[in-house]
There are 2 protein chains.
Amino acid sequence: MRKISDATITRLSRYYRSLARLERKNQEMVSSKELAQTGGATSVQVRKDLSCFGQFGTRGLGYPVCQLKETIAHILGLHRTWNVALVGAGSLGAALISYKEFKRQGFHIVAVFDKDPAKVGKNKRGLIILDIKNLPEVSRELKIDMAIVAVPKTEAQSVVNLLVQAGFKVILNFAPVNLMAPPQVTIRNVNMAIELEALSYRLMAN
Amino acid sequence: MRKISDATITRLSRYYRSLARLERKNQEMVSSKELAQTGGATSVQVRKDLSCFGQFGTRGLGYPVCQLKETIAHILGLHRTWNVALVGAGSLGAALISYKEFKRQGFHIVAVFDKDPAKVGKNKRGLIILDIKNLPEVSRELKIDMAIVAVPKTEAQSVVNLLVQAGFKVILNFAPVNLMAPPQVTIRNVNMAIELEALSYRLMAN
DNA sequence: AAAAGCTTGTGAAGACTTTCACAACCTGCC
DNA sequence: GGCAGGTTGTGAAAGTCTTCACAAGCTTTT
């Protein structure tokens, strides 16, 4: 299998959402053109993206909504649930625990960690905050697959080091800082400030 | 001026952060190589990115830290403050109000709106929640420059319509849904679920 | 059964980004 | 001054991603 670009994977997620909506509307078939419009892409792009994984459509008809949705779910790993650890029980952490879309797509936050002794033991949206020291054992016991980092930027690197040591292979980081990790560990960054800065640039440029 | 790619702007933001850190360490000069390492890029990329806007370095020496930081600040519009409206006073909204990095970079959330009458009038982290009906006037009065959408995905499109009508030109959207807007309006999406899905794909692939 | 109307799948072209390679230039040392 | 060591700035090459163009194939109509 040739390498799939990150952009393609991101678009697949969007197609998946569009397909889910079409499924709720009981639409049976969808053309690449229609899927493109609701997914913010072009019809060729939809077809090219899908062609990376096989041939799922019928010429003249389009793609079967349910079936294509299931196919994408399997490609992205959405047909199963994933256990997620959240590190950082601040307000962003709280928001992430409550974030419905995670649960909807099968991402279950099953443990929250913090290093602040004042927080450890407290209940946060239904989860007991655990001491970050126990992260390695708890992760093993609960079979946690991925981690979300939502700590202040000063703490982020040490948290990542701990996660790497504990064997985590993928990490979603919300701290606005560039993190170092060995190449076999994938870190994705959500940097909300950078997003605003790109918008501010847009306002400056016009 | 030729078109600047989005990737370049995003990297400039990262360089800016690295420069700020070097400035705190009182480092005077920095080479593209060093800037690249801390900013997660290559040295050539740093130089190419900067060369879009002018020549800021000295051969053999590198770039003056403070001066380059200021230059980037001006390019990105970080030398001034921006007034930001937040729509959606849920837990994500609360987290965004408290998010320090926004304030640090000059993005001030000066108003929070919600459509829920039960929330309107309440205090959220120091801000009184306003009725979304008043968004147009309040935005004009407070000279609000940009908007953040942090409402459930079912509400997002109607909120965006309202924002567009009120004259907003740039919007940062956190709702996990594809939004439609006229071409002169820039929408940036932060879709946390899609980020996790990309990670889940990574776990599937290996 | 042939034609018309759609739509997929894909090689090739085009556009955009990144990387390479190197001239140009600065500083410090001999 | 001249040389060594280091770094920028940039045209060109390489690589990646997107768009174009069109054959292939399905369904409906006549």
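Sequence lines set the chain letters: A, B, ... in the order given, protein chains first and strands last, and positions in each chain run from 1.
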Heavy-atom contact window of chain B on DNA chain C, given 5' to 3' at under 4.0 Å
C/dT17 to C/dT27
Just how far is it from atom NZ of A/Lys69 to atom CG of A/Leu78, taken to the nearest 0.5 Å?
9.5 Å
Report the distance from atom [atom1] of [X] to atom [atom2] of [N], rounded to the nearest whole Å.
X	N	atom1	atom2	value
B/Lys33	D/dT8	NZ	P	10 Å
B/Arg59	D/dA4	CZ	C1'	18 Å
A/Glu28	D/dC26	CD	C1'	17 Å
B/Gln45	D/dT16	CD	P	14 Å
A/Leu61	D/dT27	CG	P	6 Å

Intermediate values then yes/no, side chain to side chain donor-acceptor pair (under 3.5 Å), B/Glu23 and B/Gln27
CA-CA 6 Å; B/Glu23 194 184 37; B/Gln27 185 170 329; over 6 Å; no
Just by distance, do the side chain of A/Thr8 and the backbone of A/Ile4 share a donor-acceptor pair under 3.5 Å?
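No; judged by distance alone, with no hydrogens or angles, the pair does not exist.
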Under a 4.0 Å N-O cut-off, is there an ion pair linking B/Glu197 with A/Arg17?
yes
One thing to verify: whether A/Lys119 and A/Asp131 come together as a salt bridge, which I'm taking to mean a side-chain N less than 4.0 angstrom from a carboxylate O.
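No.
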Could you tell me whether A/Thr8 contacts a base, only the sugar-phosphate backbone, or nothing, with contacts defined as non-hydrogen atoms closer than 4.0 Å?
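Touches nothing.
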For A/Ser43, which contact category applies under a 4.0 Å heavy-atom criterion: base, sugar-phosphate, or nothing?
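Since no nucleic acid heavy atom lies under 4.0 Å of A/Ser43, the category is nothing.
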For D/dG9, does either OP1 or OP2 sit under 4.0 Å from a side-chain N or O belonging to B/Tyr63?
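For D/dG9, OP1 or OP2 has a side-chain N or O of B/Tyr63 closer than 4.0 Å.
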B/Gly62 or A/Val44, whichever maps to the more 5' nucleotide of DNA chain D
B/Gly62
For A/Thr58 and A/Ser5, find the nucleotide of DNA chain D closest to each by heavy atoms; which residue's nucleotide sits nearer the 5' end?
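Residue closer to the 5' terminus by nearest nucleotide: A/Ser5.
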Any N/O donor-acceptor pair, B/Lys48 side-chain to D/dG11 base, under 3.5 Å
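Answer is yes: a donor-acceptor pair is held.
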Taking all non-hydrogen atoms of both residues, which atom of A/Ala111 and which atom of A/Ile144 are closest, and how far apart?
CB-CD1, 4.1 Å
For the residue pair A/Cys52 and A/Lys48, establish whether any side-chain heavy-atom pair is separated by less than 4.5 Å.
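Side chain of A/Cys52 against side chain of A/Lys48, heavy atoms only: no contact under 4.5 Å found.
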Looking only at side-chain atoms of B/Arg47, point me to the closest of D/dC17, D/dG9, D/dT18.
D/dG9
